[in-house]
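Everything on this sheet refers to the single structure shown next.
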Amino acid sequence: SSSDRAWSWRVALLGALVALSLAFLISAPQLWPALQYLGQTARHSMSEACVTGDSIRITEALTWWVPVLDGWTGARNQSFTTEYLGLLPWALAAAALASLWRREPVVRWMLGMGLVCLFFAQRHWTPYYHLFRHIPGLSGFRIWSRTLFLAAFAVSTVAAFGWDAL
């Protein structure tokens with residue numbers, strides 16, 4: 001009945017809150033000293049230009065399809081990522097999205113993860129950058145474009161689902 005479903009949602013929500021609280025309490029003794037020493041690290045004293053210098057522009061993301069579309073600029077500073085995947089994985093990922101969108105929740109989850117990683121990799125090119133700077137957990141990250149390896153992993157995983165769908 002509907003009251004049973006409402007009760008089960010409340011129990012699930014309460015269980016999730018208890019689990020998150022327990023996880024926070026277990027990790028707090030390790031995180032607290034790290035937060036105390038954050039002001040003494042070399043990265044904390046870096047300039048704003050150095051911190052945002054490796055953000056990826058959306059036009060730079062187009063080089064995932066054609067490597068020299070943005071013009072050859074050489075290696076990007078400090079990103080240590082390889083975003084070019086080739087055309088076949090993108091075609092297979094598109095096939096997976098077209099055929100498995102409703103049946104496979106992993107395909108939807110990987111697409112979401114890839115988009116979130118692309119969003120975070122843009123850093124100062126996004127209108128939410130100033131919000132990121134003031135969130136304690138996110139403000140200490142330096143080279144946001146390194147999240148692109150998760151986006152490449154997401155595309156590769158969805159392409160594998162596309163290969164299986166063929």
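With values rounded to the nearest 0.5 angstrom, Phe24 atom CZ is found 7.5 Å from Leu31 atom CG. With rounding to the nearest 0.5 angstrom, the OG atom of Ser8 is 11.0 Å from the CG atom of Leu13. Distance CG/Leu14 to CH2/Trp9: 14.5 Å, rounded to 0.5 Å. Distance check: Asp164 CG to Glu104 CD gives 9.0 Å after rounding to the nearest 0.5 Å. Interatomic distance, CZ of Phe149 versus OG of Ser156, reported as 12.0 Å (0.5 Å rounding). Here Leu118 contributes atom CG and Leu150 contributes atom CG; the two are 12.0 Å apart, rounded to the nearest 0.5 Å.
The shortest distance between side-chain heavy atoms of Met113 and Phe153 falls below 4.5 Å. Between Leu111 and Trp101 there is a side-chain heavy-atom pair separated by less than 4.5 Å. Between Phe120 and Val116, the closest side-chain pair of non-hydrogen atoms falls below 4.5 Å.
Considering all non-hydrogen atoms of both residues, Pro89 and Ala159 come closest at O-CB, 3.4 Å. The two atoms that bring Ala28 and Pro33 nearest to each other are O-CD, 4.4 Å, heavy atoms only. The heavy-atom pair separating Ala96 from Gly162 by the smallest distance is CB-N, 3.3 Å. The two residues Leu166 and Leu92 make their nearest non-hydrogen contact at CD1-CD2, 3.6 Å. Heavy-atom minimum distance, Arg108 versus Arg102: NH1-O, 3.2 Å.
Trp163 and Val158 fall into different hydrophobic clusters, where Ile, Leu, Val, Met, Phe, Trp and Tyr side chains are chained together by heavy-atom contacts under 4.5 Å. Both Met110 and Leu100 are members of a single hydrophobic cluster when ILVMFWY side chains are connected at heavy-atom separations under 4.5 Å.
Within 6.0 Å of atom CD in Gln36, more than 12 heavy atoms from other residues, nucleotides or ligands are found, so the atom counts as buried in its surroundings.
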